[in-house]
Novice: 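Submitted below is the structure of interest, expressed as structure tokens.
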There are 2 protein chains.
Amino acid sequence: MSAQSTWMPRPEMAMAAGPSSYLRAEEALATFRNAMRRLAGHVHVVTTCLNGERGGLTATAVCSLTAQPPRILACINLSGRSYRMIAESRVMAVNVLGTEHEALARRFATASGADPFDGGERWTQAATGAPLLELAQASFDCTVDQMLMTGTHAIVIGEIRHISHRDTGTPLLYVNGEFRGAGPLDLPFAASASEQASR
Amino acid sequence: MSAQSTWMPRPEMAMAAGPSSYLRAEEALATFRNAMRRLAGHVHVVTTCLNGERGGLTATAVCSLTAQPPRILACINLSGRSYRMIAESRVMAVNVLGTEHEALARRFATASGADPFDGGERWTQAATGAPLLELAQASFDCTVDQMLMTGTHAIVIGEIRHISHRDTGTPLLYVNGEFRGAGPLDLPFAASASEQASR
């Protein structure tokens, strides 16, 4: 067994306590990030539109909330342009990516200055105005119902106005810092990772 | 391409509008559930402890929220015993399951009357008192920071007090109504599903 265990203080408390505790806070943050890599799941591009301008970002922290009324939530970093656009326009679309969308996921995860929509994929415009990826595994067009501020991120609750979904294709996953697809239960993770490396 | 598209009104609005709209609301709910199957990701057992009694449920709607302070959120159905126990004890642990935990996931997803902890796995007790699955891919022991009520579910925000994680094993996924592991990107979903069926 290879379990690792680290007590995690609140980093800001440790920082206030002085230099040696500051190191512990750095360690705590690294442990959090390593463990969270085990938790990452489907990959989404969350899009929005404000005054005719399109915005979007790659996000894994998205989940379904309630079926009645149909609601979905996305955790969005407060420091980005997409958050400011969503907060003002009050619209967002959640596009669930397939394994063919790895390059798209990387493009929307990087602030390179280039337009991430400009990559050859087909986009349509949802009823709310938000861009929908035409071959997404699923797309949820939403108006923003509530936004809850929690430190560095907003929990944006979307009330779903329109859904499209495909019945074919494989959802794109992000696990342990790698893009993956869904495989059979008995495929050892290490073996499949090396198979992937030898392609 | 096999995209399906359905306009989704708010079900409770459609219900108020009369019988034909009521059917549309039923349809909307089915569309939501089908599309959400494309969104499901890692499988977790969220546990708690109240007055020495253990409780827990299987959940996919869990995601990381902020790294500083380290917080995680879980969407928990308000109608269950686990929700009531978490609300009273203010503690929860999120256990991220591996592919070897399919039976455990099914047990915690069913209210059979039998004790779901009674299945041969090893559990320890976290600092908060919540049960930790010893061979989980990762475990996050939390005190409840906030609970936000949204219709049928609470968004429970946990402030992480302790993390353990493994560096081996494959996270268990729930995709399109099936338990899966993470596979290489070029494994066609349909092919891997039939491989699995022929085992």
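The chains referred to below are lettered A, B, ... by the order of the sequence lines, with proteins before strands, and numbering in each begins at 1. This one's a predicted model, so the numbers in the text were calculated from it and none came from an experiment.
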Novice: CG of Leu97(B) to CD of Glu102(B): how many Å apart, nearest 0.5 Å?
Specialist: 10.5 Å

Novice: Would you compute the distance between atom CZ of Phe32(B) and atom CD1 of Ile163(A) and round it to the nearest 0.5 angstrom?
Specialist: 6.5 Å

Novice: Of all the residues in residues 115-125 of chain A, which have a heavy atom that comes within less than 4.5 Å of a heavy atom in chain B?
Specialist: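 The stretch does not come within 4.5 Å of chain B.
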
Novice: Hey, which of Thr58(B), Leu104(B), Asn95(B), Leu173(B) is the one that makes side chain to side chain contact (heavy atoms under 4.5 Å, CB included) with Val43(B)?
Specialist: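 Going through the options one by one, the only one that passes is Thr58(B).
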
Novice: Is it true that Val96(A) and Leu132(A) fall in one hydrophobic cluster, defined by side-chain heavy atoms closer than 4.5 Å?
Specialist: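 Hydrophobic grouping puts Val96(A) apart from Leu132(A).
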
Novice: Output yes when a side-chain donor or acceptor of Thr47(A) lies under 3.5 Å from a complementary backbone atom of Pro131(A), and no otherwise.
Specialist: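 Confirmed, Thr47(A) side chain pairs with Pro131(A) backbone.
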
Novice: Which other residues end up in the same hydrophobic cluster as Met85(A), if Ile, Leu, Val, Met, Phe, Trp and Tyr are linked when side-chain heavy atoms come under 4.5 Å apart?
Specialist: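 Grouped by the 4.5 Å side-chain rule, Leu50(A) form the rest of the cluster around Met85(A).
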
Novice: Quick one: of Gly151(A), Ala61(A), Ser139(A), who has the most non-hydrogen atom pairs under 4.5 Å with chain B?
Specialist: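 Most pairs with chain B among the choices: Ala61(A).
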
